Amino acid sequence: MTFLYKADPSRGQQWAKLFAERAPEVGFRVWPDLGDAREVRYLAAWAPPEDLHTLLPNVEVVFSTGAGIDQFDLSLVPPHIPVVRMVEPGIVEGMVEYVTQAVLSLHRDIFTYGRQQAAHEWGPLPVLSASERRVGVLGLGMLGQAVLERLKLFNFRCAGWSRTPRDIDGVECFAGHEALAPFLARTDVLICLLPLTSATRGILDKRLLSGLPRGAALINVGRGGHLNQEDLLDLLHSGHLSQAILDVTDPEPLPPTHPLWTHPCVRITPHIASATRPDTAVEVVLENLRRHREGRPMIGQIDRGQGY
Ligand code: GLV
């Protein structure tokens, strides 16, 4: 029985070491060193190979090495094979750190002070208390919830929006299409942590973002495909939005001449907000192998109909 890893090879070596320590009975291989392809029962990949079915005829479970699954062409994975996305504590911790620094930087006007410094200006601004700053998270999955739990500790006024109703202590929860407008109207800092699906592609467009109060800021840590970048530029230009922090863009990277690169009110990071941590991820994958053997649902198993 082989577990095949097909993603970044240096991370693959870390996974191999962890598997050797924690599950020596599993034959672990890093792509392209398949060994006997018929022995491969489990595949972990950023995206599955196009000829998955013929190449690995006996694969039983396909794991995404990322939290998102939108990079997967699910039509390449036969319908009887479960697909599992990465739901592991390392990814959560990274995302909590990134979003917290982004919200605090906006809250304490760090970007405005950066612009002032470039102009050799010394201009203290009034400090708003966190309890007056309204933060809203789009998407209340594991990541959205963890981010809100941490932001609550700073006393931000926290809200979240999700497709289906959620109940989170200390967070004003909005659900469904009708609730989007009131959610946006009370949000000064909007954080996108939605999965990218056919229903959410391009969701951050002029219509939605115009529903935020004037001067609001956007943090996109979902996928570049969530955001209409032209609409963002227009709203920054008109002053409706004050600042955007983008960890994801479309495409990645943006072309060298793209106006977002040099926009004074935009911060771009190269899709580093959070990544799967081999040590914590391997624990979850091993737990999922046990669950699969016992016929129990796996952590992060996706619903193909919903696309996440
Ligand atoms: C990274 O973007 C991931 O999906 O894990």
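Counting convention: from 1, in listed order, for ligands and their atoms alike. Predicted model only: the values in this text are computed from it and were never measured. Heavy atoms only: backbone and side chains are in, while hydrogens, waters and symmetry mates are out.
Using a 4.0 Å cut-off to heavy atoms of G68, the atoms of ligand 1 that qualify are 3 (C), 4 (O).
Q71 does not count as a contact of ligand 1, since none of its heavy atoms falls under 4.0 Å from the ligand. Residue contact check for ligand 1: R223 places a non-hydrogen atom closer than 4.0 Å to it.
Only the side chain of H271 comes within contact range of ligand 1, with a heavy atom under 4.0 Å; no backbone atom does.
Grouping Ile, Leu, Val, Met, Phe, Trp and Tyr residues whose side-chain heavy atoms lie under 4.5 Å apart, directly or via other members, leaves L128 alone, with no other cluster members.
A donor-acceptor pair under 3.5 Å is absent between the side-chain atoms of S162 and the main chain of G139, judged by distance alone. Using modelled atom types, no side-chain atom of H226 and backbone atom of L204 make a donor-acceptor pair closer than 3.5 Å. A donor-acceptor pair under 3.5 Å links the side-chain atoms of T249 to the main chain of P251, judged by distance alone. The closest donor-acceptor contact from the side chain of H258 to the backbone of P255 lies at 3.5 Å or more, if one exists at all.
Among protein heavy atoms, atom 3 (C) of ligand 1 sits closest to A67 N, 3.3 Å.
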